[in-house]
Every structure is written in structure tokens, then in C-alpha cells.
Amino acid sequence: SLALYDPDAARHHLLAWSLAAQGRFDEAAESRARGDEIARGVFWQAYMYTAYVAQAQGDTVTAYAAIDTAWNRVMTETGRFALDSVRVSEFGLETYRLPDVDSIDSRETR
């Protein structure tokens with residue numbers, strides 16, 4: 001059994017996203033509905049839920065549109081890193097991240 005701090009809509013959206021990623025769409029829909037009811041707004045994570053559902057239904061256009069919308073809504077560098085990781089690993093998309101030009105791998109060896 002899983003219990004969430006109910007007043008926090010973000011936790012419901014994250015749970016919905018996780019459940020959708022596991023193919024547990026009925027449970028995901030319940031959690032998403034509760035998150036929407038609490039927030040009366042949309043977090044970027046909610047778009048990822050939509051992307052998983054659309055992908056499962058074979059609707060890649062809707063999935064990619066939801067991913068793009070999520071990218072435009074995320075406000076933190078940590079969030080962008082997490083979202084980009086999911087875009088690549090779960091949806092097979094190219095990374096939005098640019099290589100770090102100051103990394104050791106990018107320096108010339110003399």
C-alpha cells in the first residue's frame with residue numbers, strides 16, 4: 001500500500017507518471033485526477049503522464065507534443081535534466097542537453 005501526502009498535487013502527478021510508465025493506466029488515471037482536483041493547474045509532470053498514455057495507445061504525435069509542452073513548462077535545471085533523461089531512455093528521443101564544453105572528455109590531451 002502506498003500513501004501520499006494528499007494536499008500535495010505534485011506528488012499525485014508524479015505517482016500518475018510512474019504508474020503510467022509501468023502500464024498501470026487505471027491507477028494512473030485515478031492519481032492524475034486527484035492531482036488535477038487539488039491543483040486546478042497543470043504541472044509539467046502531468047504532460048509526461050499524457051505522453052506515456054499516448055505512446056501506449058500508439059499515438060506518437062500526441063506523445064511528442066506532450067513531451068515538448070512538458071519541456072516548455074519545466075522551470076529548473078534539475079527538472080530539465082530529469083525530463084531529458086526520460087525523453088531519451090523512455091521515448092528514444094535525442095537529448096536536448098548540450099555537451100559540457102568544460103568536461104575532461106572535451107579537453108585536448110597535450
Besides V53, the hydrophobic cluster formed by Ile, Leu, Val, Met, Phe, Trp and Tyr side chains linked at under 4.5 Å, directly or via other members, contains F25, Y49
Contacts of Q57 meeting side chain to side chain donor-acceptor pair (under 3.5 Å) (sequence neighbours excluded), chain-then-number -> none
Quick one, L19 and Y52 - any side-chain contact, counting heavy atoms below 4.5 Å?
no
Report yes if the side chains of H13 and R32 come closer than 4.5 Å at any heavy-atom pair, otherwise no.
yes
A63 and A54 have their tightest heavy-atom pair at N-CB, 3.6 Å
The side chain to side chain donor-acceptor pair (under 3.5 Å) partners of E30 (sequence neighbours excluded) come to none
Handout entry: Single-linkage hydrophobic cluster, 4.5 Å side-chain cutoff, L93 and Y96 together
Key = yes
Hits for side chain to side chain donor-acceptor pair (under 3.5 Å) against R80, two or more places apart or cross-chain, chain-then-number order -> none
Sorted by chain and residue number, the side chain to side chain donor-acceptor pair (under 3.5 Å) partners of E77 (sequence neighbours excluded) come out as R97
Residues at least two apart in sequence or cross-chain that pass salt bridge (Lys or Arg N to Asp or Glu O under 4.0 Å) with E27, listed by chain then number, are R24
For residues 45-63, the salt bridge (charged side-chain N to carboxylate O under 4.0 Å, His left out) pairs (sequence neighbours left out) are none
Residues at least two apart in sequence or cross-chain that pass ring-ring contact (aromatic ring centres under 6.0 Å, His included) with F81, listed by chain then number, are none
For L83, the side chain to side chain contact (heavy atoms under 4.5 Å, CB included) test, sequence neighbours excluded, returns W44, M48, A70, W71, V74, R87
Counting heavy atoms not belonging to N72, are there more than 12 under 6.0 Å from its CG? yes
